[in-house]
Amino acid sequence: MIGRKIIFKETLDSTNNYAAKLLQAGELSHGTVIMSGEQTAGRGQRGAVWAAEPYKNLIFTCFLEYDKLSVANHQSITHFVSLALNDLLSFFGISASIKWPNDIVIGNKKIAGVLIENQLESTLLKSSIIGIGLNVNQIEFGGFNATSLKLEKNEDFSIENLSMKLIEKLQVRFNQLQFKNLEGLKTDYLNQLWLKNQPSMFEDATGIFEGKILGTDDFGRLIVEKNSEEKSYDLKEIKFLDRNISAI
Amino acid sequence: MNLNEIQDLIKFVSKSGVSEVEIERKDFKIIIKAESKVKAEQQIVYQAAAPQAPAQIAAPAAAPAAPVADAPAVSDDSKYITVKSPMIGTFYRSTSPDKDPFVSVGSTIQKGSPVCIIEAMKLFNEIESEVAGKIVKVLVDDASPVEYDQPLFLVDPA
């Protein structure tokens, strides 16, 4: 059960780091949730800074162990976590999309970010430390193109209630994973993929082009139609551009 | 935190099925534990997981399949074990750019020691060694792209 144990710390460097330390010490069990009011060194992708004001956002990490999940299916983890976040937002009447691979966006504004760290044992995924940052009551984001629940619904939200609801939504999607309904997860993920089937601007190694996202391949790479050809892109091989050709 | 808040918290723990809540603020720490009915069952389920699967470790990198004609001696790499990438992604030798690498040439590793991270579409996968031994060679540069099954390390098994 997710949330069987809940740890709340007023301040942490990062909830994922704290989880990693507990794991190393053998003190982390399946379903443990760690939350903190403030992160002094919240991490995005390899060091990218996630700019959160203290006590205004949901800073959440949970630790999950898997039952015989093959490494080949590791993208299913991205699927179930991003879907749980969209399920949570849709419960509050907010329709969000998944910006490949795992940002949650409304229009082109980011409302939630995910940082997943998996522990492998040979060809199996043993466990994951899943970090989630959800913008809740923060309304200023400096230069970041971001939004929050408050900006979307014009009201304050209880972070405690949100965290319990998130646990519930994660549990539902995690069950789907444990029951090996991986195709169902992928179908739902693709249905909620931002810009799918819409002509959009991209940039790859050869330059700027108009293309269309068609889906993702078995490795989780983005499949884009470019000049009527299907191409698969790794994370660093493609950029999303807006109509003014700036990166988004 | 006052008495009422603590009472609320206890009510919450007993109603929600949560078995343990730990709250730490600057001046105090409180841990509330409830005996969970599902505990035993849950533990059994998850202990049944994590079976021993066939190793991702390949057969020893048998002396390069087509030895170059003028190679005087058979490469003794054959006694080493190759750790290969289980996925397409980017190879990282440490958890973050400012941290020390998990392993370097000469490092002694245990079975289960983390040796590197492969990032695949923003999933950070910590790869564990399947064998105990010593790192003989690091075959890929930090932050380079790797293919599925690409050799990453040579290990001299203990």
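Letters A, B, ... mirror the listed sequences (proteins, then strands); counts begin at 1.
- Interface residue A/M164: only side-chain heavy atoms are found under 4.5 Å from chain B.
- Remark: side-chain polar atoms of A/R4 are not paired, donor with acceptor, to backbone N or O of B/E20 under 3.5 angstrom.
- Identified by a heavy-atom distance below 4.5 Å to chain B, the contributing residues of residues 213-224 of chain A are A/F219, A/G220, A/R221, in residue-number order.
- Using a cut-off of 4.0 Å between Lys/Arg side-chain N and Asp/Glu carboxylate O, A/E183 and A/K186 are scored as not salt-bridged.
- For the pair A/K165 and A/F91, the distance from NZ or CZ to the six-membered ring centre is under 6.0 Å and the angle to the ring normal is within 45 degrees.
- Other residues, nucleotides and ligands place more than 12 heavy atoms under 6.0 Å from the CD atom of B/Q7.
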Result block: side-chain N/O donor-acceptor pairs under 3.5 angstrom for residues 127-134 of chain A, not counting sequence neighbours:
from   : atom 1 : to     : atom 2 : distance (Å)
A/S127 : OG     : A/Q119 : OE1    : 2.7
A/S128 : OG     : A/Y66  : OH     : 2.6
A/S128 : OG     : A/N118 : OD1    : 2.6

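- Chosen from B/V21, B/L123, B/I118, the residue pairing most often with chain A at heavy-atom distances under 4.5 Å is B/L123.
- Interatomic distance, CG of B/D149 versus OG of B/S85, reported as 8.0 Å (0.5 Å rounding).
- Remark: A/D103 engages A/K110 in a salt bridge, criterion side-chain N to carboxylate O under 4.0 Å.
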